[in-house]
Undergrad: 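One structure is given below, represented as structure tokens, and several questions about it will come after.
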Amino acid sequence: NAGVTQTPKFQVLKTGQSMTLQCAQDMNHNSMYWYRQDPGMGLRLIYYSASEGTTDKGEVPNGYNVSRLNKREFSLRLESAAPSQTSVYFCASRQGWGQPQHFGDGTRLSIL
Amino acid sequence: QKEVEQNSGPLSVPEGAIASLNCTYSDRVSQSFFWYRQYSGKSPELIMSIYSNGDKEDGRFTAQLNKASQYVSLLIRDSQPSDSATYLCAVRGRDDKIIFGKGTRLHILP
């Protein structure tokens, strides 16, 4: 059972380039989340999808867009990458109300 | 006021001793509480969930919840060097929103 799978694991971009981070879960979870984690800042929620067909902004949505492609997949897009978006990005999912989140292995993104 | 607060540490504990990690939260209606362990360069891993007042034990780990004091803790008995990690407290509050603390770095001294 793979759980939550994120691709790619590492990426280096130049300022202004665009890219999409992929996330897929095989646990039949309803909710999915994108976080970024920076030193000293903890986990910060970028966007989330409470259920298939819905998406909502989190704490730090600026510069990002998301797509809940189906129940399994939730992608995060950087349209015009900036050095401030250098971070580790985690995707998470959970079954529903009151349940804990389960995390993918993360994507380490560097923007030069 | 921060919603979920943890001492950033590092907390240094001798091998074999009890490590005590603390977390306070501000939202009185919070109903679910989680502890995650995160090794350096890795993703957070769920180690404990607790939903009602009191203690919950799982192997060497015990989670303690006191809703009146808005306080949740994690005890690690017989600490091992492999327990050295950052421990994240997460709280589910109103609107099913989960808030993470910034974590406490734990260092087990061999």
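We use all heavy atoms of the structure for the numbers below, so side chains are in, but hydrogens, waters and symmetry mates are not. Only a predicted model underlies this, so the values are computations on that prediction, with no experimental measurement involved. Below, read A as the first sequence line, B as the second, and so on, with proteins coming before strands; counting in each chain starts at 1.
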Undergrad: Side-chain contact test, heavy atoms from C-beta onward, threshold under 4.5 Å: evaluate it for Q101(A) versus F100(B) and give yes or no.
TA: yes

Undergrad: If you tally heavy-atom pairs under 4.5 Å against chain B, which of E59(A), R108(A), H102(A) wins?
TA: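 Going by pairs under 4.5 Å, I would pick R108(A).
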
Undergrad: Same cluster or not: F103(A) versus Y33(A), using hydrophobic residues (I, L, V, M, F, W, Y) connected whenever any side-chain heavy atoms lie under 4.5 Å apart?
TA: yes

Undergrad: At a heavy-atom separation under 4.5 Å, does R44(A) approach chain B through its side chain, its backbone, both, or neither?
TA: neither

Undergrad: Quick check on F33(B) against chain A: is it the side chain, the backbone, both or neither that has a heavy atom closer than 4.5 Å?
TA: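 Neither part; nothing is under 4.5 Å.
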
Undergrad: Quick check on the hydrophobic clustering: are Y36(B) and Y25(B) connected, directly or via other members, by side-chain heavy-atom contacts under 4.5 Å?
TA: no

Undergrad: If the contact rule is any heavy atom under 4.5 Å from chain A, which residues of residues 103-110 of chain B qualify, in numerical order?
TA: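 Within residues 103-110 of chain B, no residue comes under 4.5 Å from chain A.
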
Undergrad: Going hydrophobic residue to hydrophobic residue with side-chain gaps under 4.5 angstrom, can you get from F61(B) over to L65(B)?
TA: yes

Undergrad: Do any of residues 37-49 of chain B come closer than 4.5 Å to chain A, heavy atom to heavy atom, and if so which ones, in number order?
TA: Q38(B), G41(B), K42(B), S43(B), P44(B), L46(B), S49(B)

Undergrad: For R77(A), check side-chain contact (heavy atoms from CB on, under 4.5 Å) against everything at least two apart and list the hits.
TA: S18(A), T20(A), E79(A)

Undergrad: Quick one: closest heavy-atom pair of P100(A) and Y51(B), and the distance?
TA: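 Closest approach of P100(A) to Y51(B), heavy atoms only: CD-OH, 3.9 Å.
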
Undergrad: Assigning hydrophobic clusters by single linkage (Ile, Leu, Val, Met, Phe, Trp, Tyr; side-chain heavy-atom cutoff under 4.5 Å), is V88(A) placed with V60(A)?
TA: no

Undergrad: Output yes when D56(A) and K97(B) qualify as a salt bridge under the 4.0 Å nitrogen-oxygen rule, no when they do not.
TA: no

Undergrad: Sort by residue number and list every residue of residues 68-93 of chain B having at least one heavy atom under 4.5 Å from chain A.
TA: L88(B), R92(B)

Undergrad: State yes or no: do I98(B) and Y89(A) share one hydrophobic cluster built from I, L, V, M, F, W and Y residues joined by side-chain heavy-atom distances below 4.5 Å, directly or via other members?
TA: no

Undergrad: Output the option from F90(A), Y35(A), Y48(A) having the highest count of non-hydrogen pairs under 4.5 Å with chain B.
TA: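 So the answer, after comparing F90(A), Y35(A), Y48(A), is F90(A).
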
